[in-house]
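Note that the structure is a prediction, hence the values are computed from the model and not measured. We count ligands from 1, going down the list as the structure has it; atoms in each ligand are counted the same way.
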Amino acid sequence: MAEQIRGKGVIAGIAIGNIMMAGQNIDGYLAGYQPGNKDIENQKIKDAVQAVVSVLQTNIKTLQEKDMAEQAAILEAHRMLAQDPAMAENMAAKLETTGSAPHAILEAAKESAAIFEGMDDPYFRERATDIRDVGKRIAKYILGVKEPEIGDAPVILCGEEIEPSVIASLPTEKIAGVILGLGSTTSHAVIIAKARAIPTVVGLGDKIKEIPDGGQVIVDGERGDIVIRPDETQLADYREKIKKQDELKAYYAQLAPLPAITTDGVKTELMANIGSHNDVDAALTYGAEGVGLFRSEFVFMGSSSIPNEDDQFKAYKEAIEKCQGKLCVIRTMDIGGDKPLPYLNIPPEENPFLGYRAVRISLERKDLFLPQIKAILRAGVFGKAAIMIPMIINVSEFKAVRQIVEEAKLELSHEGKAYSDSVQLGIMVETPAAAVMTPVLAKYVDFFSIGTNDLVQYTLAVDRGNSSIAHLYNHFNPAVLTLIQRTATAAKEHGIWCGMCGEMASDPYAAVILMAMGLSELSMSAPSIPRVKEKLRSVSSTQAKEILADVMKLEDGDEIKTYLQKVLD
Ligand code: PEP
Ligand code: MG
């Protein structure tokens, strides 16, 4: 009898296939393990690390050849973790107490993972999975446990928590869908699945136990439904949906080279939000016309100590070069809030989102900020770059930033290092204060990019990460729309460009009214580009302006959303 359970759909799409349980339990293997003497066990750790590194290197190369740069980067991070000298030291120390190579490896990984797990930031908490993943992989090598082997038919990978490396090492065509008991949108397993557009459902909790290994299921990544042992009628229904889905995919692929232009010729630049230079290639395949937000804090977060000017220069240069002459907007580090940086030793705060973060740190820590600016200016020589400052609340902050940029140029000149003089300098409008002050700020900056992820939370006093008030977090709230419109008008009056890099930009209904307000650029996670493009290509700018005029007369965010769906579907 068919049975249906529901989780959270995080990657849309339908998949039908047989379950392959991943993320195996190795307790039985561990219990039966017979360790040798200390030297033997020590050598086993070294050999296993080397073997795992070599497998990872092969996988990284394959992924790079297939232009799967983001996934290659995740495995590259695993390779670095496997070869981390601190980890090796910890494994050796644990060997002293446990006397067993696999136990020592797992304990060392568990200890490092626990540090990350205790952090407030979900991004860091998810990195704990990576560390455990690497540890388990090395231990599995010693224990002789094989990775899941997949036959000809693609499978639905299912597990409480699946190691990202398991997904990344399998060819895309072999994975029809992914089901996770735990998992969130920021887990690396989900990031990999997203880059491959694999239908994924997470957060099933205990219900995952109802899914039989090897049994047939249907995964609906849009609604979050899992149909266990589907009957013929259900299979026929879903096969029909898959057919429609494939037609849509082919249609989206055709859209990639086309501009986002209205029926009467108004063009919007659709750009990509990235966290690493490795994301650029994939973004371009979705039709991104450049990078509208490079979250540079990930360059800092991916390193165990402060990356110096040269390290940063390399990362920015690579991103800029990969943009092939298209604009690459690099946001200076947005540390603090939900993105702590352990090695900066910032004390815990009552309200981190309202605390010591972003430009507030940069202006106090010139030792960090000046090298970052110098690195971007130098990288600017290799294409078209812009510097974007997060969390600005007043003009004096921006003036202080401008002064540091001038100082950076002077230092570079003295040092005889080449830099670009045409790097634009703009700000994120992500605080209500900045949005209100845009008529003044516009006199000083080269551009505005509206960061709605924060602007919505600050304007509505709704914590962006609190699920119990998620229903109040609405980018169509008239207060938010009023601030966006004010920003767009101020930009227009001062002849500067205004874009958006918050998640709102990836909402096709929002895109229409944002374009009508005069935003010329929308930056989003790359897979969202085709949907937004399709909507923008389906309207005229006159029609969009009429819709905007109607929207601005409405008094409630939910009402606005319903209205837009009605007129634009
Ligand atoms: C934003 O606040 O909208 C934004 C793009 O920045 P982040 O999500 O990194 O805070
Ligand atoms: Mg922000």
Side-chain angles (χ1 to χ4, degrees), residues 120-124 126 184-186 191 194 269-276 279 283 288 290-302 319 327-341 351-362 372 386-393 397 426-435 438 447-466 470 473-477 479-481 483-484 487-488 498-507 510-511 514 519 521-526 528-529 532:
D120 284 341
D121 176 17
Y123 177 86
F124 275 119
E126 297 294 352
S184 68
T185 43
T186 48
I191 290 172
K194 200 170 203 167
E269 301 280 332
L270 299 187
M271 318 263 277
N273 290 354
I274 61 166
S276 153
D279 300 339
V291 167
L293 167 64
F294 180 168
R295 289 182 161 101
S296 75
E297 55 277 10
F298 289 109
V299 174
F300 288 73
M301 288 155 84
L327 184 63
C328 181
V329 181
I330 299 170
R331 173 172 77 183
T332 55
M333 56 165 204
D334 187 14
I335 295 301
D338 61 344
K339 293 176 232 145
L341 197 58
N351 292 302
F353 269 113
L354 304 180
Y356 188 51
R357 59 170 296 202
V359 70
R360 300 168 184 183
I361 300 180
S362 296
Q372 176 165 43
I387 297 173
M388 178 158 76
I389 312 296
M391 273 298 282
I392 289 281
I393 57 162
E397 282 172 339
I427 61 165
M428 290 197 66
V429 175
E430 56 180 344
T431 63
T438 45
F447 65 90
F448 290 140
S449 181
I450 303 171
T452 46
N453 303 345
D454 278 318
L455 186 61
V456 172
Q457 80 162 343
Y458 293 134
T459 306
L460 305 181
V462 174
D463 181 343
R464 64 194 258 188
N466 185 339
Y473 189 95
N474 183 353
H475 51 236
F476 290 122
N477 184 297
V480 175
L481 293 184
L483 290 178
I484 295 173
T487 303
C498 178
M500 176 176 287
C501 58
E503 277 303 304
M504 182 181 184
S506 65
D507 175 343
L514 295 171
L519 268 65
E521 179 252 21
L522 298 175
S523 192
M524 62 201 79
S525 64
S528 302
I529 290 176
V532 171

Which part of [X] is near ligand 1, with near meaning a heavy atom under 4.0 Å away: side chain, backbone, both or neither?
{"X": "Arg331", "result": "side chain"}
{"X": "Leu455", "result": "neither"}
{"X": "Thr452", "result": "backbone"}

Is there a nitrogen or oxygen of Glu503 sitting under 3.5 Å from a nitrogen or oxygen of ligand 1?
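Between Glu503 and ligand 1 (N or O atoms, distance only) the closest approach is not under 3.5 Å.
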Can you tell me if Met504 contacts ligand 1 (heavy atom of the residue under 4.0 Å from the ligand)?
no
If the cut-off is 4.0 Å to any non-hydrogen atom of Cys501, which atoms of ligand 1 fall inside it?
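Selected atoms, number and element: 5 (C).
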A student checking ligand 1 against Leu293 at a 4.0 Å heavy-atom cut-off should list atoms 5 (C)
Do side-chain atoms of Thr431 reach the backbone of Met391 as a donor and acceptor pair under 3.5 angstrom?
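Between the backbone of Met391 and the side chain of Thr431 there is no qualifying donor-acceptor contact (under 3.5 Å).
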Would you say the side-chain atoms of Ser449 pair up with the backbone N or O of Met428, donor to acceptor, closer than 3.5 Å?
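No; zero donor-acceptor contacts below 3.5 Å.
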Nearest 10° is fine: what angle sits at the Mg ion (ligand 2) between OD2 from Asp454 and OE1 from Glu430?
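If I round to 10°, I get 90°.
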Look up atom CE in Met388 and atom CZ in Phe448, then write down how far apart they are to the nearest 0.5 Å.
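Here the rounded value is 13.0 Å.
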Result of checking Leu514, Val456, Leu522, Ile450 against Met504 for side-chain contact (heavy atoms from CB on, under 4.5 Å):
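Exactly one candidate clears the test, Leu514.
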Quickly, which of Asn273, Val299, Val329 forms a side-chain contact (heavy atoms from CB on, under 4.5 Å) with Phe294? Name it, please.
Val299
For the residue pair Asp463 and Gln457, establish whether any side-chain heavy-atom pair is separated by less than 4.5 Å.
yes
